[in-house]
There are 2 protein chains.
Amino acid sequence: MAGMASRGDSNRQRIVEAADQLFYIKGFNHTSFSDIADAAGVARGNFYYYFKSKDDILEAVIARRADNIREMLAEWDEEYPDPRDRLHRYVAILTNEQHHIERYGCPMGTLCTELSKLEHDRHRDAAEMFDVFREWLEEQFRLLGHADDARELALHLLARGQGVATITNAYRDPAFLRREAVEILRWLDSL
Amino acid sequence: MAGMASRGDSNRQRIVEAADQLFYIKGFNHTSFSDIADAAGVARGNFYYYFKSKDDILEAVIARRADNIREMLAEWDEEYPDPRDRLHRYVAILTNEQHHIERYGCPMGTLCTELSKLEHDRHRDAAEMFDVFREWLEEQFRLLGHADDARELALHLLARGQGVATITNAYRDPAFLRREAVEILRWLDSL
DNA sequence: GTCTATATAATGATAGAC
DNA sequence: GTCTATCATTATATAGAC
């Protein structure tokens with residue numbers, strides 16, 4: 001029926017999920033259609049039924065990631081009434097994901113950096129993934145009485161995570177990550 | 001004469017310098033031989049007289065960067081007798097390079113991250129660029145009486161710089177970089 | 001040492017059968 | 001909607017003239 005959401009979306013979804021993982025593990029540029037096709041179990045030629053270009057797949061991947069983050073934060077809001085607990089939960093991403101970070105860095109940071117160097121049109125969209133976290137972090141700091149510098153605190157916290165991810169990945173040193181996570185929590189508690 | 005350093009090294013040097021810049025601006029994978037050839041003013045075919053592969057050029061670029069860092073740090077050691085001044089000079093890299101960082105991130109961090117995702121053999125060598133800074137930073141912290149945690153402090157300082165670079169690049173926001181540089185100096189002075 | 005071809009492989013993208 | 005060819009382009013790398 002015209003206008004109806006077409007079925008067969010499972011193939012589309014599998015392409016986006018496979019691309020999401022591969023863009024994280026191998027990077028956007030280095031991931032080929034063949035790689036995605038193999039991982040998703042879909043023939044190369046069929047991609048162009050759902051996406052008109054590789055950039056279109058990238059756009060879908062970024063939207064998917066942003067949605068996943070929003071969903072996760074909404075769950076945290078329900079689970080943790082105290083903003084301080086929410087911020088602690090945020091920092092716990094580092095230790096929970098330490099093995100992925102050790103191997104591939106941060107999914108947002110590394111994609112943003114790559115798209116920036118490619119002068120890719122979607123660089124701005126990628127940076128908006130950070131905004132989903134940033135706005136949520138700002139809200140928590142506001143709730144804790146830091147109305148004036150909520151934005152600065154949120155950006156600082158984002159940057160701390162990025163720095164830890166980059167160095168952990170460069171040195172393949174998850175022990176460094178764990179030490180820094182403790183320091184970040186200490187900093188939060190000192191506010 | 002056999003064993004003598006061959007002349008005509010100026011072409012070799014121009015290739016490495018052009019590759020160094022382009023690997024920073026466009027990334028390693030996205031930089032083609034044609035790009036380097038155009039920038040260096042050397043014919044593509046002539047590359048293989050000096051380097052047997054693109055990876056060989058990468059190796060030379062990493063070695064060049066490490067040498068440049070060592071040279072810079074040696075100059076700082078002469079110019080600043082006080083370890084505290086040396087650490088301040090290190091942080092000043094951020095503000096001095098703010099426009100490059102805004103556009104391309106950190107040369108070391110972004111190359112390391114990219115090579116990691118490419119599973120490139122030279123990832124380890126790239127990480128050793130960080131070591132040049134790290135060992136020098138450790139020495140300064142030791143001189144300031146932090147013998148026990150010099151390594152942790154050095155890694156922390158490296159990570160702070162990486163985080164600032166990544167977020168500054170993602171948001172194209174040099175004002176954030178300047179605020180964070182002030183915070184890092186405040187942290188150093190509080191030790 | 002330097003250059004102009006050119007080989008070879010991989011990539012993103014298309015055409016068209018079913 | 002899904003697939004199998006296949007095209008056009010680009011990339012690294014080589015051969016060989018000068």
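Nothing here was measured: the structure is a model prediction, and the numbers come from that model. Throughout, protein chains are lettered first and strands after them, A, B, ... in sequence-line order, and every chain is numbered starting at 1. Atoms considered below: every heavy atom in the structure, side chains included; atoms not considered: hydrogens, waters and symmetry mates.
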Test ring-ring contact (aromatic ring centres under 6.0 Å, His included) on B:Y171 and B:F176; report intermediate values, then the result. CA-CA 9 Å; B:Y171 282 124; B:F176 167 74; 8.0 Å; no
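In this structure, A:K54 is positioned above the aromatic face of A:F28, its NZ or CZ under 6.0 Å from the six-membered ring centre and within 45° of the axis.
Scanning residues 26-46 of chain A for heavy-atom distances under 4.0 Å to DNA chain C yields A:T31, A:S32, A:F33, A:G45.
Atom P of nucleotide D:dT14 and atom CZ of B:F47 are separated by 15 Å, given to the nearest angstrom. Between the NZ atom of A:K54 and the C1' atom of C:dT14 there is a distance of 18 Å, rounded to whole Å. Rounded to a whole Å, the NZ atom of B:K52 is 10 Å from the P atom of D:dA13.
Distances shown here put a side-chain N or O of A:Y48 below 4.0 Å from the OP1 or OP2 atom of C:dA13. For C:dT2, neither phosphate oxygen OP1 nor OP2 lies less than 4.0 angstrom from any side-chain nitrogen or oxygen of B:Y49.
When the side-chain contact (heavy atoms from CB on, under 4.5 Å) test is applied to A:R124, the partners found at least two apart in sequence or on another chain are A:E128.
With hydrophobic clusters built from ILVMFWY side chains whose heavy atoms lie under 4.5 angstrom apart, B:F141 shares a cluster with B:Y80.
Put simply, the side chain of B:T113 gets close to the backbone of B:G109: a donor and an acceptor are under 3.5 Å apart.
The aromatic rings of A:W187 and A:H156 lie tilted to each other, with the angle between the two planes from 30° to 60°.
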